[in-house]
Amino acid sequence: MKYISIKEAMKKGSGKVAIRGWVYRERGSKKVKFLVIRDAEEIIQCVIKKEKFDDKKFEEADRIRVECSMKLLGTIKADKRAPTGFEIDVDEFEVVGWCDNYPISKDQSAEFLLDKRHLWLRSRKMNTILRIRSTYVNAREEFFKKKNFYKFDPPILQPSQCEGGSTLFEVKYYKDKTYLSQSWQLYAEAAVHSLERVYDTAPTFRAEKMKTSRHLSEFWMVEAEAAWMDLKDITEFAKEEIRYCLKEVLKHHEEDLKFLGQDVKKLKKIAEKPWPTLKYREVLRILKEKSNMDVPFGKDLRTGEEDEVMKYFDTPIVVTHYPKAIMAFYKPRDPEHPDEALCFDMLAPEGYGELIGGSQRSMDVEQMTEDLKKMGEDPSNYEWYFDLRKYGGVPHSGYGVGLERVIAWICHIDNIKDAIPFPRTMLRWKP
Ligand code: 4AD
Ligand code: MG
């Protein structure tokens, strides 16, 4: 008989089925063994009755423990008492891989589960998050395809910084040294002078000396860059991307989101409502007027300020025009307000923090040279980047989405570490 998934078996609903998977729960008596079997998407209760097997075979059933892998054949029928509403009355079974003393049981610490991450991936929680992440990533591919963007594969080893030298991971490179990518934005800017519209999701590395629930040392950033777009175009485009992917997740994962404790109704409302755009100066005003918080112009918005202002919004918001003085070298001055930069961040509701950072790109080589010098960078390392302005440069804009931040928000998980299969942070880089 052909093996089918548990989902397909439940869809069939009656008759003979053959499934395979792992033991999720087991209990038994002298006469019957109850197994809950899981596969990639579902779980189902299976019953092995002693009366159907000889003593030796039933004794084998008795030795089955959690996480044994198995093949089973039997008759499926609806049963209200079973965990997912169906039950298989087993006619034949085979243990494929035995499992004794599975190290993970209830109530283990987060650290222990991270040590055993290679096994914890099998948990329903991680399985559900990873399936949602996969849907999200596929949706994002569809979105960019619809928008006629080209997928562009950037270098991961890069000779210089993009987002500040202090968080670079240095890599020995033959007799020289290079760095792991903090962002492939500078290469995206080269690409748009050929392809006009590019995107990719690439591994991103930051030696963040942060022990927060929002920071990873290795994460995946979805970066997009487009020629001819200005700040307004790019912020609206970024909102459209996140909204599109959110809707796709909602379309396919309502039950999964509920399982993770997410309020699906609320998320659906968010997907429909407009997401406001406001200036950094307006954020300062809100903080002052509503929260009596004095944040001087020129101070970056950190977790505290971001969380405070998000108390007044129930959708993501876009904040533009941060102070130029504290922004990356490639963010241009607003010609009308030279102390502000033509840049934006998207902030998530409920304390999930910054989802996106982006900007229009500076065309002013002199300003960028000055800014790089102030950072202690050698501008001669950026000659190739300045060539993009020298030889037929056009206005362009782009942004980067922190994939794990978005997944953490959509899945309602408290630590970003659970938004990625094998998290790397300042304190953890194994297994
Ligand atoms: O705001 P960032 O630093 O922007 C850039 O790197 C730009 N060069 C992107 C561009 O314009 N092409 O990072 C973008 C996003 C952040 O908004 C955040 O969501 C995520 O990347 N991010 C992190 N996610 C997890 N752990 C970290 N340590 C992160 N640092 C940034
Ligand atoms: Mg940022």
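Remember, it's 1-based here, ligands and their atoms both numbered in the order they're listed.
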ask   = Any donor-acceptor pair under 3.5 Å linking the side chain of K331 with the backbone of Y322?
value = no
ask   = Within the structure, does L355 bring an N/O atom to less than 3.5 angstrom of an N/O atom in ligand 1?
value = yes
inquiry  = Closer than 3.5 angstrom, by distance alone: can the side chain of R133 be matched with the main-chain N or O of A419 as a donor-acceptor pair?
reply    = yes
ask   = Between D345 and ligand 1, does any nitrogen or oxygen pair lie at a separation below 3.5 Å?
value = no
task = Examine Y280 together with F297 and report whether their ring centres are nearer than 6.0 Å.
result = yes
Whether over 12 other heavy atoms sit under 6.0 Å from K145 NZ = no
ask   = Do the side-chain N and O atoms of Q367 and S362 include a donor-acceptor pair separated by under 3.5 angstrom?
value = yes
query = Just by distance, do the side chain of T204 and the backbone of A202 share a donor-acceptor pair under 3.5 Å?
reply = yes
Other residues, nucleotides, ligands: >12 heavy atoms within 6.0 Å of W98 CH2 = yes
ask   = Can you find a side-chain donor-acceptor pair between S183 and E223 that sits under 3.5 Å?
value = yes
message = Taking atom NZ as the centre, does K7 end up with more than 12 heavy-atom neighbours from other residues, nucleotides or ligands that are less than 6.0 angstrom away?
response = no
query = Hey, does K331 sit under 4.0 Å from ligand 1 if you only count heavy atoms?
reply = no
The one among Q182, R206, E225 that brings a heavy atom closest to atom 3 (O) of ligand 1 = R206
Which of the ligand 1 atoms, numbered from 1, are nearer than 4.0 Å to a heavy atom of E208 = 27 (C), 28 (N), 30 (N)
key: Closest candidate by heavy atom, reference atom 29 (C) of ligand 1, pool F205, F219, W184, Y352   = F219
ask   = What's the shortest distance from atom 7 (C) of ligand 1 to any protein heavy atom, and which residue and atom give it?
value = E163 OE2, 3.2 Å
note = Near I356 (heavy-atom distance under 4.0 Å), the atoms of ligand 1 are 17 (O)
inquiry  = Atom CH2 of residue position W275 - does it have more than 12 heavy atoms of other residues, nucleotides or ligands inside 6.0 Å?
reply    = yes
task = Answer yes if the side chains of E225 and Y187 hold a donor-acceptor pair under 3.5 Å, and no otherwise.
result = no
request  = Could you please tell me which protein N, O or S atoms lie under 2.8 Å from the Mg ion (ligand 2)?
outcome  = E354 OE2
query = Under 4.0 Å from any heavy atom of Y330, which atoms of ligand 1 are there?
reply = 7 (C), 8 (N)
ask   = N/O of L216 under 3.5 Å from N/O of ligand 1, yes or no?
value = yes
ask   = ligand 1 and H215, any nitrogen or oxygen pair closer than 3.5 angstrom?
value = no
ask   = Of all the non-hydrogen atoms in the protein, which one sits nearest to atom 20 (C) of ligand 1, and at what distance?
value = G402 CA, 3.6 Å
query = With a cut-off of 6.0 Å (strictly less than), are more than 12 heavy atoms of other residues, nucleotides or ligands near NZ of K269?
reply = no
query = So which protein heavy atom does atom 17 (O) of ligand 1 come closest to, and at what separation?
reply = E354 OE2, 2.6 Å
key: Heavy-atom nearest neighbour of atom 25 (C) of ligand 1 within options M426, R214, E223, E404   = R214
request  = Provide the number and element of each atom of ligand 1 under 4.0 Å from a heavy atom of R361.
outcome  = 10 (C), 11 (O), 12 (N)
task = Return the residue, atom name and 0.1 Å-rounded distance of the protein heavy atom closest to atom 15 (C) of ligand 1.
result = G400 O, 3.6 Å
ask   = Does Y173 OH have over 12 foreign heavy atoms under 6.0 Å away?
value = no
remark   = Taken to the nearest 0.5 Å, the spacing of S134 OG from I132 CD1 works out to 10.5 Å
